[in-house]
2 protein chains.
Amino acid sequence: MPETPTAFQRGHDHDRCVRHALSAAADHCREAGLRLTPLRRKVLQAVWRSHHPLGAYEICDALVAEGDQVLPPTVYRALDFLERNGLVHRIASLNAFIGCNQMGRHSNGRYLICSDCGSVAELPPDELLERFAFEAGAMAFEARSVRLEAVGRCAACAAGTTGP
Amino acid sequence: MPETPTAFQRGHDHDRCVRHALSAAADHCREAGLRLTPLRRKVLQAVWRSHHPLGAYEICDALVAEGDQVLPPTVYRALDFLERNGLVHRIASLNAFIGCNQMGRHSNGRYLICSDCGSVAELPPDELLERFAFEAGAMAFEARSVRLEAVGRCAACAAGTTGP
DNA sequence: AGAGAAAATGTTATATTGTTGCAATTCTTT
DNA sequence: AAAGAATTGCAACAATATAACATTTTCTCT
């Protein structure tokens with residue numbers, strides 16, 4: 001899986017993007033009375049810095065590379081916190097995590113997952129998801145989260161600019 | 001996770017349901033020139049017999065309980081075949097498999113996953129998924145599969161008839 | 001400030017899920 | 001029957017995730 005940015009992420013200032021995400025997360029936590037501890041912040045930063053979804057063990061490695069001694073339970077607990085509070089998403093089909101760019105509306109979401117390069121683009125929830133939640137409600141199913149995952153091939157890979 | 005049927009499955013003749021699924025699968029394979037071997041059939045049967053999504057190791061246990069000596073790679077390979085050919089679905093968020101009741105249209109689907117009892121109901125694909133695939137195409141993303149997973153509480157659990 | 005409670009983190013061990021690689025078998029085709 | 005392809009058996013192992021308990025930090029209340 002290449003480390004290069006994908007079509008969805010290419011051409012932007014990623015450092016700036018990461019800084020923005022972290023400061024937005026800090027604001028969100030302050031307002032909500034949540035504790036964005038140094039560890040949690042580092043985990044969130046590692047996730048945001050990556051151009052593709054990061055597994056828990058990859059996060060471990062990233063923090064260890066920065067000089068922190070971090071073991072899996074620590075990372076998983078930080079990820080629990082971040083996910084519960086809508087700061088990261090777990091992409092179940094990849095066992096990996098991405099930063100959430102729709103803070104607060106984190107229970108619903110739409111994802112485009114490229115099976116070639118592993119990149120994931122998050123689209124905002126739309127009325128399709130709302131409507132599905134409504135239909136489910138009509139069947140007496142109380143939907144807490146509705147997530148749509150499309151697996152396929154991103155524009156960059158289709159264009160052959162990142163692929164083989 | 002209780003073994004009892006859920007609201008989506010309660011009140012039906014499950015043996016008949018399993019037999020129907022297996023014979024439909026056999027038909028499908030015959031028509032498509034696929035080999036539904038005894039092993040694959042047993043795995044498919046184990047999945048269909050269960051009232052909740054079954055993990056690979058649970059399938060192992062089920063076959064061993066029937067007297068077959070079956071190890072994980074064997075089960076995973078059978079599941080690969082069944083999933084590739086649209087006979088089962090993998091529910092990524094549960095690391096588990098369910099029988100597919102929309103054979104042939106297996107790339108798109110909608111699922112209601114009850115986090116209390118673990119039951120999963122599959123709803124037929126609808127035009128909203130098709131539309132999403134189309135929209136993704138407009139963004140130059142070639143969607144091979146579009147899956148919508150709602151996590152929440154099923155009617156039975158909400159009614160307290162299966163839950164605590 | 002200080003005591004006690006709650007939350008977060010560190011640490012060891014282990015559970016669960018999934019894969020690799022190769023040998024043996026079975027099926028298909030000629 | 002023989003070659004080739006697909007399937008299955010098997011042993012080892014890799015990757016992902018959690019349990020249980022000790023320790024530290026932070027918060028709250030007096």
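A note on names: the letters A, B, ... follow the listed sequences, proteins ahead of strands, and every chain is numbered from 1.
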Length of the line joining A:L39:CG and D:dT24:P, which is rounded to integer Å: 17 Å

Base of C:dA15 paired with side chain of B:Y57 (donor-acceptor, under 3.5 Å): no

Could you give the CD-to-C1' distance, from B:E83 to C:dG18, as a whole number of Å? 13 Å

Using OP1 and OP2 only, check whether a side-chain N or O of B:R35 sits under 4.0 Å from D:dA5. no

Selection from D:dC10, D:dA17, C:dG18 that lies nearest to any side-chain heavy atom of B:R90: C:dG18

A:K42 NZ to C:dT9 P: how many Å, rounded? 11 Å

Which whole-number value in Å describes the distance from B:E58 CD to C:dA15 P? 17 Å

Does a side-chain N or O of A:Y76 approach OP1 or OP2 of D:dT18 to a distance below 4.0 Å, or not? no

Matching residue for A:V43 among A:L54, A:L63, A:V88 - test: side chain to side chain contact (heavy atoms under 4.5 Å, CB included): A:L63

Rounded to whole angstrom units, what separation is found between the CG atom of A:L71 and the C1' atom of D:dA19? 15 Å

Would you call the rings of B:Y76 and B:Y57 parallel, tilted or perpendicular, where under 30° means parallel and over 60° means perpendicular? perpendicular

Answer yes or no: side-chain N or O of B:R77 and base N or O of C:dG18 forming a donor-acceptor pair under 3.5 Å. no

Quick check for you: among D:dT7, D:dT16, C:dT12, whose closest atom lies nearest to any side-chain atom of B:R40? D:dT7

Reckon A:T37 has a side-chain N or O less than 4.0 Å from the OP1 or OP2 of C:dA8? no

What's the CG-P distance between A:D80 and C:dA7, to the nearest Å? 15 Å

If only side-chain N and O atoms count, and only distance matters, is there a donor-acceptor pair under 3.5 Å linking A:R144 with B:S115? yes

Per nearest nucleotide of DNA chain D, the residue lying toward the 5' end, B:N95 or B:T74, is B:T74

Using five pairs at each end of the helix from C:dA1-D:dT30 to C:dT30-D:dA1 to define an axis, what is the angle between those two axes, to 10°? 40°

Check the distance between C:dG18's P and B:L79's CG and give it to me in whole angstrom. 9 Å

To the nearest Å, give me how far apart CG (A:L36) and C1' (C:dT9) are. 15 Å

Hydrophobic cluster identity match, A:M139 and A:F132, side-chain contacts under 4.5 Å: yes

Hey, what do you get for OG (B:S119) to NE2 (B:H52), rounding to the nearest 0.5 Å? 10.0 Å

Side chain to side chain contact (heavy atoms under 4.5 Å, CB included) partner of B:R90, the single match among B:D80, B:N95, B:I98: B:N95

Any side-chain to backbone donor/acceptor pair from A:E122 onto A:N101? Under 3.5 Å, distance only. yes

